[in-house]
Every structure is written in structure tokens, then in C-alpha cells.
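When a residue number appears, it is its place in the shown sequence, counting from 1. Please read all numbers here as calculations on a predicted model, not as lab measurements.
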Amino acid sequence: MRRMTARPGNAHQARLLRLLRDGGPNSRAQLGDQVDLSRSKLAVEVERLLETGLVVADGLAASRGGRRSHNIRLAPALRFLGVDIGATSVDVAVTNAELEVLGHINQPMDVREGPVAVFEQVLSMAAKLKASGLAEGFDGAGIGVPGPVRFPEGVPVAPPIMPGWDGFPVREALSQDLGCPVMVDNDVNLMAMGEQHAGVARSVGDFLCVKIGTGIGCGIVVGGEVYRGTTGSAGDIGHIQAVPDGRPCACGNRGCLEAHFSGAALARDATEAAQQGLSQELAARWEAAGALSAVDVAAAAAAGDATALDLIREGGNRTGQVIAGLVSFFNPGLVVIGGGVTGLGHTLLAAIRTQVYRQSLPLATGNLPIVLGELGPTAGVIGAARLISDHLFSPA
């Protein structure tokens, strides 16, 4: 397998690469408008990038009144692998250098099977994408996992819903298997990066991205960059106490938001409601399938089931109370709600909005959109590709 050995030689080249990634092919003249370089210095840096093979000439640009400038673009053969590992499924995608998804596979998976089994499946999915002709090899890979990550080393640290993953060298192991550089991050940070690159947060510098799936987490973006905190655990809001002395949580504490509202908690509450005869709709689904999930609750709510609607509203209220505290503290320009439980749709969104707008100060909420993510399951894989491209498009 090939490795991409070329890296930008300085910060100017890195900036040009990222502009081409985020904006697509561009003329030298238009690039010059966006970077603080003289024409001669810009020409030198572009020539050096052309020599590395990271960019290629792409025909003549439209005339701006003088001699026509040449377009340049990122090398069309560059390929990134984006991997988004959830608690119950995994998404694997191939993108080009502009982070356009060329191929995407989703498969069910149980993260509790441990890293060896999960990565066997990931490598098999990556091989399938390669075999389809989308990539000869990968120039880099970004990996998202549903737990805290010590970011510089790419190692999960005591993840509550990932038994067997603590301290596993994800970055090192996958780099060897894939034959390319690998970066690892928490899955919520990658969802935030995906929505920032190609989704609802494209024009926003400061925002929160809350993922409600099997667990709950929050990506924090400050000045256009993901904020990870000192050790990489920033945004772990699922373990903020929502109910004093409440339910036991997988982390060992009681009353955590995640213990009271998440995909797993919602499935448990819906099952209890079905068994107690509180909902005919949920009871029928439970008897037919033997288990319930957030998808069943969403379907029951869509059919007008009062119990399902109450479960969603109660969970949304609790989540909204936590987000209201975050909004008062951080004063974001946008709150994005994503993850598997967003299939609950506008009932959930309305409950979250009500709590945030009621509890946070008017100055913080007066122009604060709280919206569902645009990209769904592709947000994580696009974010993963952006993560590795950020690394590769930085000076070595």
C-alpha cells in the first residue's frame, strides 16, 4: 500500500492546500486574494506544491482583464478513508481531496466486541471500497470512536461504553494495517467537523454540536477549530448530572444525562412502558420484535402515541436543561443536534429549544439557532476525512 510522503513545506503552502480543499479548484489570482503573499512569493509556493504532486494544473481561469491565470486543484488521485465507529454500527467512506464522498458503506457492529473484531470489520469494509475501484490506496485515514480519546496519541481512555478499548493503540495499529498516516478522535468532534465542512455549520465560527445516540456527547468549535481541552475529554456532557441521585450510569456515577436520555435509555424506558401496558403501539412492536429501539419510539410518536411522545419530551427537556447551561457558559452562535436519536425529529427539537430559550439569558439566545444536523451518517466520515487532511495539510 502506498503512503503519501509529500507534506507542505511551510504554513503558506498549508494554507493554500486547505483553501483548495475547502473551496475546490481555483485560480492563482483568486488564491492570491485570500492569502497575504506577494504575487512573486505566491508563484514560488504554488510551484513548490506542483513539484510535490499535491496539486496539479487545471486549465486556464476566466479572464479578470489581463493575462489569464491558471487554475490549480488538489491532485485528483488523493484518497482519504473516513471511519466513524458508533456503539452499534460503523460507517466507512472514501473521499477525494476536497472531501467529497465517493463511496460509503454502513454495517451493524457492536463496539463491545472489542478493538480487534471491530477493526477486522473496518479493514474488510475498506478493502471492499478499494476493490470497487474507488481507490488504489489511501493517503491517510481518520477514525472516530464513541468515547474519550487522548488525542496526540490516538488512544481511547476508559471509555464507558467500550469495554476492552482502554489504552488500545488505535492510531498505531491501523496505520500499520492501512499503510498510511492515521488520526483518531472522539466521534462527536468528527460530526462537528463534518457539519462545519459540508453541513449546517458551514459559516459559523463558534458552535456546539450535540450527538444523541447510544450515548451523548458534545463537539465544541471555537474560532473554527475543535476545542478538545487539556487531555481530550472536553464535551463529555453525557456525564453531567441531570437528576440528583438518579439512575446508575455506566461511568459509575448516578443521575448522568446519558443514563436518563440516550438511545439506550430511551429503549429501556420504552420497553418498560410496553411491558406495563402504558402504550399499545410500543407493546405491539415489542411483541413483534422482542426488543425496542429509538426507531420504534419515533414510529410510535409519529402514529400519535402519547407515551412515546412523553418519553421524547421528557428526554428533550433534560437534554435542553444541560444545553442551556452550556449556552450560558459558552455563548455559541449555533447549536446542532445530531446522532441516531434525531430520528425523533421536531418533537425532540422543540423540547430542547423550549428549555434553552427559557433558561438561558436573552443575550445568549436572542439570535441562537438550534437545529438538526444536515448530513446524517455522512457527517462523521466527512469529519474523519477532514481530520486526517488537516494533519496532512500541515507542515511536517
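A donor-acceptor pair under 3.5 Å links the side-chain atoms of Ser389 to the main chain of Arg386, judged by distance alone. A donor-acceptor pair is defined here as one N or O able to donate and one able to accept, closer than 3.5 Å; no such pair exists between the side chain of Asn26 and the backbone of Gln30. Distance alone, capped at 3.5 Å, is enough to place a donor-acceptor pair between the Gln121 side chain and the Pro108 backbone. Not one N or O on the side chain of Ser175 forms a donor-acceptor pair closer than 3.5 Å with the backbone of Glu172. Formation of a donor-acceptor pair under 3.5 Å by the Asp296 side chain with backbone atoms of Ser293 is found in this model. Arg254 places a side-chain N or O within donor-acceptor distance of the main-chain N or O of Gly246, the cut-off being under 3.5 Å. No donor-acceptor pair under 3.5 Å is formed between the side chain of Arg285 and the backbone N or O of Ala291.
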Quiz item: After noting the C-alpha distance and the side-chain angles of Asp390 and Arg21, does the key distance pass the salt bridge (charged side-chain N to carboxylate O under 4.0 Å, His left out) rule?
Solution: CA-CA 10 Å; Asp390 278 346; Arg21 177 195 66 188; 2.6 Å; yes
Quiz item: Under the side chain to side chain contact (heavy atoms under 4.5 Å, CB included) criterion, do Leu81 and Val94 qualify, and how do the steps go?
Solution: CA-CA 5 Å; Leu81 186 71; Val94 175; 4.3 Å; yes
Exercise. Any chance you could lay out the salt bridge (charged side-chain N to carboxylate O under 4.0 Å, His left out) test for Glu47 and Arg28, step after step, and finish with the verdict?
Key: CA-CA 11 Å; Glu47 284 304 318; Arg28 297 180 190 226; 3.2 Å; yes
Exercise. I would like to know whether Arg18 and Ser394 meet side-chain hydrogen bond (donor to acceptor under 3.5 Å, both in side chains); could you show each step before the answer?
Key: CA-CA 9 Å; Arg18 293 184 187 201; Ser394 299; 2.7 Å; yes
Self-check item: Arg247 and Asp269: CA distance, side-chain angles, deciding distance, salt bridge (charged side-chain N to carboxylate O under 4.0 Å, His left out) verdict
Solution: CA-CA 12 Å; Arg247 292 173 174 167; Asp269 290 345; 2.5 Å; yes
All N/O donor-acceptor pairs, side-chain side in residues 184-195, below 3.5 Å, sequence neighbours left out:
from   : atom 1 : to     : atom 2 : distance (Å)
Asp185 : OD1    : Asn189 : ND2    : 3.0
Asp185 : OD2    : Arg228 : NE     : 2.9
Asp185 : OD2    : Arg228 : NH2    : 2.8
Asn186 : OD1    : Val188 : N      : 2.9
Asn186 : ND2    : Gly147 : O      : 2.9
Asp187 : OD2    : Lys211 : NZ     : 3.0
Glu195 : OE1    : Val200 : N      : 3.0
Glu195 : OE1    : Glu374 : N      : 3.3
Glu195 : OE2    : Glu374 : N      : 3.1
Glu195 : OE2    : Leu375 : N      : 3.1

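Residue pairs meeting the ring-ring contact (aromatic ring centres under 6.0 Å, His included) criterion with at least one partner in residues 100-119, sequence neighbours excluded, are Phe119-Trp165. Judged as a salt bridge (charged side-chain N to carboxylate O under 4.0 Å, His left out), not a single pair has a partner in residues 344-357 (not counting sequence neighbours). Counting only residues at least two apart or on different chains, no ring-ring contact (aromatic ring centres under 6.0 Å, His included) pair has a member in residues 240-299.
Atom CG of Asn10 has more than 12 neighbouring heavy atoms from other residues, nucleotides or ligands inside a 6.0 Å radius. The number of heavy atoms from other shown groups lying within 6.0 Å of CD (Gln275) is above 12. With a 6.0 Å radius and a threshold of 12 heavy atoms from other residues, nucleotides or ligands, His346 has its NE2 atom at or below the threshold.
Residues Val56 and Phe393 are members of separate hydrophobic clusters, defined by side-chain heavy-atom contacts under 4.5 angstrom among Ile, Leu, Val, Met, Phe, Trp and Tyr. In the hydrophobic clustering of ILVMFWY residues, with side-chain heavy atoms under 4.5 Å counting as a link, Leu178 and Phe168 come out together. Residue Val116 is not grouped with residue Val170 when hydrophobic side chains (ILVMFWY) are merged at heavy-atom distances under 4.5 angstrom, including chains of intermediate members. In terms of hydrophobic clustering, with Ile, Leu, Val, Met, Phe, Trp and Tyr side chains grouped at heavy-atom distances under 4.5 Å, Leu99 and Ile388 are assigned to a common cluster. The hydrophobic clustering, which links ILVMFWY residues whose side-chain heavy atoms are closer than 4.5 Å, places Val295 and Leu372 apart.
Val90 places none of its side-chain heavy atoms less than 4.5 Å from the side chain of Asn106.
Shortest non-hydrogen contact noted between Thr214 and Ala87 is OG1-CB, 3.4 Å. The shortest heavy-atom contact between Ile237 and Gly217 is CG1-C, 4.1 Å. Heavy atoms only, all atoms of each residue included: Ala259 and Pro248 are closest at CB-O, 3.8 Å. The two residues Ile312 and Ala301 come nearest to each other via the heavy atoms CD1-CB, 3.6 Å. Nearest heavy-atom pair across Gly86 and Met109 is O-CE, 3.3 Å. Between Cys180 and Ala141, the shortest heavy-atom distance links the atoms SG-N, 4.0 Å.
Glu258 CD to Ile240 CD1: the interatomic distance, rounded to the nearest 0.5 Å, is 11.5 Å. One distance of note links CG of Leu266 with CG of Leu348; it measures 9.5 Å at 0.5 Å rounding. The OG atom of Ser360 lies 11.0 Å from the CD atom of Gln321; values are rounded to the nearest 0.5 Å. Between the CG atom of Asp139 and the CG atom of Leu78 there is a distance of 5.0 Å, given to the nearest 0.5 Å. Here CD1 of Ile220 is found 7.5 Å from CG of Leu326. Values are rounded to the nearest 0.5 Å. Atom CG of Leu282 and atom CD of Glu272 lie 12.0 Å apart (nearest 0.5 Å).
Between Ser27 and Asn71, the side chains place no donor N or O within less than 3.5 Å of an acceptor N or O (distance only, hydrogens not considered).
Evaluation of the side chain to side chain contact (heavy atoms under 4.5 Å, CB included) rule for Val157 yields Arg150, Asp166 as partners, not counting sequence neighbours. For Pro332, the side chain to side chain contact (heavy atoms under 4.5 Å, CB included) partners are Leu208, Val327, Phe330, Val335, Leu368, not counting sequence neighbours.
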